[in-house]
Amino acid sequence: MNAEEITARVKQLKAEKGAIILAHYYTRPEVQDVADLLGDSLGLSRAAGETDARVIVFCGVHFMAETASIISPEKKVLIPALNAGCSLAESIAGEDVERWREKNPDGIVVCYVNATAEVKAHADYCCTSSNAVKVVNSLPAGRKILFVPDKNLGAYINKVTGRDMELWNGDCCVHERIPASLLLQRLEEFPDAEALVHPESNGSHDDRVLAHPRVFISSTAGMIARAGESAAGRFIVATELETIHQLKKKYPDKQFVPAHPTTRCGQMKKITLERVLAALEEEKYEVKVPDNLREKAWTPIRRMLEIK
Ligand code: 13P
Ligand code: SF4
């Protein structure tokens, strides 16, 4: 079957099975194009909670499908590639959180959504890159905060909120390749451009970057919205490069320059059109979080979703 035939069959099966396809902006362009809804982590989490579809085909990495299953336990959540992982989610276990709690009994644990259900079950609050500042600002003053697992997003939030935070030493192996020196060099190379920077980037919390008048730091969805709102005609894109597929589609008259030439997430690319079709045909691979774990992991996610 060619790509057109696969797409047509996917659409047919979707209707027959009452399925919805949710896809992250980092998936392959042909997967994005077949999705019912595209989003960043927060947008997709909300969509998983709001849909009345029987089946959710989650085109993203494993922790995202797990989050969808925690939010919508009555739905059948499928991931087209069971081994689509994430360097952040793999950097920490629940017992690491508990060790910190023993030393900081009054501390609050904020967990970036890029973590396993097992780690979320040990956290007080979840957050995504869209709402992390809001979540941390909502916490009672004077309490120490452990932020897991992303040291870069954590350092960025720490700078913006000024809160007393300890950071877990995890990173996104994709955004870690974007240091401040590269961002500053690109801004000099393109004096007319604005830089759209994901806070997972290594350079997002550098003082020179934070103070730069042509830098906009945000989650993936925020970056895409900013490209429409800004008067600039050219943007340096400091995130996963598939984001440029949507940026070009939405704003064909603007120009988008990668900050780094190879910031692609190999885990997201495991979701191919062929695998999306197989997922729908065979209703595989189901991601289901056991009830006892789900209940514990739901509390920090629910608290996050309640913060508007
Ligand atoms: P957002 O979807 O919150 O922008 O996070 C980016 C990311 O790396 C997801 O894996
Ligand atoms: Fe994980 Fe980074 Fe890939 Fe997102 S881009 S799934 S944080 S490795």
Side-chain angles (χ1 to χ4, degrees), residues 22-28 31-32 35 37-48 58-68 71 79-92 110-116 119-120 125-136 147-154 156-157 168-178 196-204 216-227 237-247 258-260 262-271 287 301 304-305 307:
L22 305 182
H24 194 276
Y25 290 117
Y26 298 173
T27 54
R28 294 167 184 271
V31 171
Q32 295 189 27
L37 201 134
L38 271 174
D40 64 1
S41 303
L42 182 61
L44 295 175
S45 297
R46 289 202 191 282
F58 208 112
C59 298
V61 294
H62 193 269
F63 77 79
M64 293 180 175
E66 241 185 9
T67 308
I71 294 172
I79 187 164
L82 197 52
N83 64 349
C86 168
S87 64
L88 276 172
E90 281 145 29
S91 73
I92 185 167
V110 179
C111 179
Y112 188 28
V113 77
N114 296 33
T116 60
V119 170
K120 288 185 180 101
Y125 285 82
C126 271
C127 73
T128 73
S129 59
S130 288
N131 60 16
V133 170
K134 255 192 196 166
V135 169
V136 170
F147 188 86
V148 303
D150 187 0
K151 64 173 187 197
N152 289 315
L153 176 63
Y156 168 73
I157 299 164
W168 185 254
N169 193 25
D171 63 51
C172 159
C173 56
V174 178
H175 290 89
E176 180 63 7
R177 287 179 223 151
I178 311 175
L196 304 173
V197 180
H198 196 284
E200 282 178 19
S201 304
N202 176 290
S204 70
F216 182 81
I217 302 176
S218 173
S219 72
T220 316
M223 291 165 78
I224 293 172
R226 173 66 185 177
V237 181
T239 189
E240 214 279 351
L241 292 182
E242 229 67 81
T243 309
I244 294 182
H245 176 65
Q246 277 312 308
L247 286 166
H260 184 293
T262 66
T263 42
R264 285 207 154 75
C265 177
Q267 301 301 320
M268 290 279 188
K269 305 310 173 229
K270 288 180 180 170
I271 312 297
V287 176
I301 295 175
M304 166 184 87
L305 293 173
I307 295 170

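Remember, it's 1-based here, ligands and their atoms both numbered in the order they're listed.
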Residue list, salt bridge (charged side-chain N to carboxylate O under 4.0 Å, His left out) with E242, at least two apart or on another chain:
R264, K269
For C86 and N114, which heavy atoms make the closest approach, and how far apart are they?
SG-ND2, 4.3 Å
Can you tell me which residue among T263, T243, T239 is in a side-chain hydrogen bond (donor to acceptor under 3.5 Å, both in side chains) with Y26?
T239
T220, any N or O under 3.5 Å of ligand 1 N or O
yes
Does E240 approach ligand 1 within less than 4.0 angstrom via side chain, backbone, both or neither, non-hydrogen atoms only?
neither
When rounded to the nearest 0.5 Å, the distance separating CD1 of I301 from OH of Y125 is 14.5 Å
Is it true that a side-chain atom of S87 and a backbone atom of C173 form a donor plus acceptor pair closer than 3.5 Å?
yes
Which residue and non-hydrogen atom of the protein lie closest to atom 9 (C) of ligand 1, and at what distance in Å?
M64 CE, 3.6 Å
Between OH of Y25 and CE of M268, what distance do you get to the nearest 0.5 Å?
12.5 Å
In terms of atom number and element, which parts of ligand 1 are under 4.0 angstrom from non-hydrogen atoms of Y112?
5 (O)
Mind checking whether T239 contacts ligand 1 via backbone (N, CA, C, O), side chain (CB onward), both or neither, at a 4.0 Å heavy-atom cut-off?
neither
Which ligand 1 atoms does E200 reach within 4.0 Å, using its non-hydrogen atoms?
5 (O), 6 (C), 7 (C), 8 (O)
Distance check, rounded to the nearest 0.5 Å: T67 atom OG1 versus L42 atom CG?
11.0 Å
Near D40 (heavy-atom distance under 4.0 Å), the atoms of ligand 1 are 1 (P), 2 (O), 4 (O)
Working to the nearest 0.5 angstrom, can you tell me the gap between M64 CE and L44 CG?
7.0 Å
Heavy atoms only, cut-off 4.0 Å: how does Y26 contact ligand 1, side chain, backbone, both, or neither?
side chain
Polar contact flag, side-chain donor to acceptor under 3.5 angstrom, S130-D40
yes
Ligand 1 and S129, any nitrogen or oxygen pair closer than 3.5 angstrom?
yes
Between S41 and ligand 1, does any nitrogen or oxygen pair lie at a separation below 3.5 Å?
yes
Please indicate how many protein N/O/S atoms are found closer than 2.8 Å to atom 2 (Fe) of ligand 2, with waters neither displayed nor included.
1
Side-chain donor-acceptor pair present, E176, N202, cut-off under 3.5 Å:
yes
Within the side chain of K120, is there an N or O that forms a donor-acceptor pair under 3.5 Å with the backbone of C126?
no
Polar contacts were defined as any N/O atom of the residue lying under 3.5 Å from an N/O atom of the ligand; does this apply to H198 and ligand 1?
yes
